[in-house]
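See structure below.
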Amino acid sequence: MDNYKRTLITTALPYANGPVHIGHLAGVYVPADIYARYLRMKGENVLLIGGSDEHGVPITLKAKNEGVTPQDIVDRYHGIIKKSFADFGMTFDVYSRTTTETHYETASDFFKTLYEKGEFLEKESDQYYDDEAKQFLADRYITGTCPHCGNDGAYGDQCESCGTSLNATDLKNPVSVISGSVPVIKKTKHWYLPLDKHEPFLKQWILEDHKEWKANVYGQCKSWIDQGLQPRAVSRDLDWGVPVPVEGADGKVLYVWFDAPIGYISATKELTPEWEKYWKDPESRMLHFIGKDNIVFHCIVFPSMLKAEGSFNLPENVPANEFLNLEGDKISTSRNWAVWLHEYLEEFKDQQDVLRYVLCANAPETKDNDFTWKDFQARNNNELVAILGNFVNRAMILTHKYYDGKVPALGNVVDDFDKESIAQIEVIVNKVQASLDNFRFREAIKEMMNLARLGNKYLADSEPWKLIKTDEERVKTIMNISLQITANLSVLMQPFLPFSAAKLQAMLNISGQNWETLGKTDLLSEGHEINKPELLFAKIEDETIQKQLDKLEATKTANLAASKTAEPAKENISFDEFMKMDIRVGTILSAEKVAKTKKLLKLEVDTGIDIRTVVSGIAEFFNPEDIIGKQVSILVNLAPRKIKGIESQGMILMAEDATGELVFIQPGSEIKPGSIVR
RNA sequence: GCCGAGGUAGCUCAGCUGGUUAGAGCGCAGGAUUCAUAAUCCUGAGGUCGGCGGUUCAAGCCCGCCUCUCGGUACCA
């Protein structure tokens with residue numbers, strides 16, 4: 001869309017069960033803020049929307065664990081997140097949250113509209129119900145024994161011990177997390193968004209009309225659409241969330257993925273009574289800045305919701321980034337493997353721009369990238385300090401030395417080198433602009449730095465400190481041009497390094513520059529007095545970096561210690577219960593990989609009783625040929641189960657450590673197959 | 001297994017619809033310079049463009065097979 005009147009920029013809502021870290025920043029907030037600042041400098045009408053996502057089961061569980069209310073949890077993290085964003089220089093027009101009254105209304109109305117238009121499917125299904133607590137149980141609210149690995153702490157949606165996805169009804173010995181009672185199965189009704197119905201539209205809209213989207217975004221959408229879309233439940237049996245606003249939906253709330261993106265709308269509503277202009281006027285465009293984990297929601301699910309509603313615009317582009325790793329490992333909130341924004345802001349006072357610079361210059365735009373403290377230091381010392389800060393400093397110091405801080409006259413520019421250098425300013429500005437227009441932030445910030453390089457080169461080549469002895473008039477021209485480059489730099493820096501740009505403009509004693517002034521050589525008029533220069537960036541010493549590395553090392557040590565701690569013992573069982581299990585020594589006669597699977601091996605095992613087929617999920621750890629002839633322990637009276645079309649008759653016993661490594665439970669020496677293990 | 005994204009100099013990345021000796025930044029080596037936070041400027045070394053095969057007058061770019069990384073999905077009795 002070339003002729004839009006206003007731009008609505010949304011940023012992924014951070015989930016309010018933890019603070020914000022550098023991964024969030026590099027993926028979403030730094031580029032979104034740069035882009036918003038850039039548009040504002042161009043005088044465009046733009047809104048930058050953000051807020052905390054405060055519903056969902058993980059928050060209720062965290063609350064339960066800490067013995068506080070979900071509201072307490074989200075208040076805490078919303079507070080931390082909001083403050084750290086503000087201190088970091090995020091220019092949100094509104095930073096809201098999904099527990100506001102406006103949001104409840106908006107989400108509720110949105111649901112009602114779709115409901116009344118018949119855009120939902122209604123389905124009844126079996127679900128666990130806690131009779132004591134008088135409520136249906138979300139998957140995460142049920143624990144039980146994993147039917148696969150026997151782990152007692154499996155959740156209703158997944159066993160974290162073996163990683164299997166489960167249905168709550170698969171669990172053995174299910175227990176309600178809320179009351180500890182045994183839940184009963186009851187019929188419950190839910191509403192589904194029929195994504196399949198919107199498939200033809202999505203195909204056209206994304207695959208045909210938006211081929212310009214980033215390869216990672218387009219590719220993932222295509223992948224989803226090609227696999228065939230399924231209806232998705234939009235409600236859950238829970239009490240934390242936006243209540244489903246229809247008759248007979250007591251105890252049901254909107255599923256968090258349904259209410260969260262509506263948060264963008266409610267936040268806009270809170271900001272301005274003209275919110276509809278931004279969301280519905282065809283001359284407005286909408287951009288979603290997100291991380292790759294959110295591509296499906298923002299490109300397929302949310303657009304389907306908006307399309308079904310009928311009156312909203314769809315996103316013009318979704319410039320999603322990949323992930324940022326930290327020192328070679330995945331960033332993880334639960335493992336505390338992260339650089340937390342609120343901690344950075346305390347430990348690196350007034351150095352927001354350094355982090356903004358590093359995260360933008362090394363943003364995971366096309367693939368996952370790695371953040372290392374060594375790179376952070378190098379980029380600060382070799383680029384921000386040495387190239388940018390140094391150029392500004394030398395230009396200003398010379399001006400004070402020769403002209404007492406007053407801008408000398410440009411004079412007649414006859415020198416080709418001068419003309420060329422001046423022309424280069426505009427070339428660079430245009431490159432920055434073109435890169436930003438295409439959401440290529442890494443490229444844009446590099447071009448911005450090239451303006452400082454141009455300045456350094458201009459000074460080095462024209463050598464005013466030599467000419468001052470022989471040609472004073474010429475030096476005036478040189479210094480004027482150097483200062484004009486500095487002034488241009490102060491403006492061009494603004495979207496990327498807003499704190500330093502402001503500092504530099506204060507030093508230059510200028511203000512109110514916008515994008516249009518860029519590329520000109522009259523930003524500073526003759527005789528204009530500049531202030532004393534201060535250093536824009538400080539060197540970061542090895543000790544500072546070492547401190548951060550030590551901190552991460554400590555995290556690693558703590559995690560390792562935690563992983564060595566054995567799982568707590570399960571509840572006692574009776575001897576009779578134990579004796580129900582019939583475990584035998586068996587010999588593996590043959591083994592082959594099950595076609596089209598990653599983990600499964602099909603084994604023929606001589607159990608002494610018979611020769612039977614067992615399918616086992618061990619293919620990642622053992623080659624079929626290596627295990628033939630081995631003796632293993634096998635649970636022979638486990639009910640048979642079909643896996644990938646093969647009936648598996650029993651289970652090979654394995655020991656698994658915290659890292660997921662598997663080993664067989666084998667007899668200490670050769671023994672007859674069929675021998676009983678007990 | 002299937003789908004998607006990637007694999008280009010020591011590191012981080014560009015390479016437009018295939019077209020002359022494959023580029024940038026950082027790092028490294030040598031030189032110049034001293035206005036500047038020992039910063040800057042110039043020059044240079046360094047690449048079988050993941051591997052093999054094919055199409056073409058011509059392939060980093062197109063096709064096939066293989067391989068590694070990341071993500072999604074199926075799968076762990």
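Here is the naming used below: chain letters follow the sequence lines, and residue numbers restart at 1 for every chain.
Remark on RNA chain B: of its neighbouring residues A:Arg394 and A:Lys446, the 5'-side contact belongs to A:Lys446, judged by nearest-heavy-atom nucleotide. Annotation: of the two residues near RNA chain B, A:Asn393 and A:Tyr218, the 5′-most nearest-nucleotide partner is A:Tyr218.
Listed pair A:Lys539 / B:A39 meets the phosphate criterion, a side-chain N or O lying under 4.0 Å from OP1 or OP2. Contact check, A:Thr366 against B:A14: a side-chain N or O comes under 4.0 Å of OP1 or OP2. Distances shown here put a side-chain N or O of A:Arg442 below 4.0 Å from the OP1 or OP2 atom of B:A14.
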message = Quick one, A:Gln484 with A:Asn480, criterion side-chain hydrogen bond (donor to acceptor under 3.5 Å, both in side chains). Give me CA distance, side-chain angles, the key distance, then yes/no.
response = CA-CA 6 Å; A:Gln484 302 299 349; A:Asn480 184 291; 3.2 Å; yes

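The six-membered or imidazole ring of A:Phe348 lies near that of A:Phe376, with a centre-to-centre distance under 6.0 Å. When ring centroids are compared, A:Phe622 and A:Phe664 come within the 6.0 Å threshold.
Listed nucleotides: B:A5, B:C41, B:C75. Nearest to the side chain of A:Lys599: B:C75. Counting only heavy atoms from C-beta on, A:Ala386 has its side chain closest to B:U40 among B:A5, B:C75, B:U40. Of all nucleotides listed (B:G6, B:U33, B:G25), B:G6 comes nearest to the side chain of A:Lys367. In the set B:A36, B:C41, B:A14, the nucleotide with an atom closest to the side chain of A:Arg440 is B:A14. You'll find that the side chain of A:Ile643 is closest to B:C75, out of B:C35, B:U12, B:C75. Checking B:U40, B:G27, B:C70 against the side-chain heavy atoms of A:Asn382 singles out B:G27 as nearest. Here the nucleotide nearest the side chain of A:Trp465, chosen from B:G6, B:G71, B:U33, is B:U33.
No side-chain donor from either of A:Asn362 and A:Arg379 sits under 3.5 Å from a side-chain acceptor of the other.
Nucleotide B:G47 forms a pair with no other nucleotide shown, judged by Watson-Crick or G-U wobble geometry with both contacts under 3.5 Å.
Residue A:Lys401 is in sugar-phosphate contact alone, with no base atom involved, counting any heavy-atom pair closer than 4.0 Å across all strands shown.
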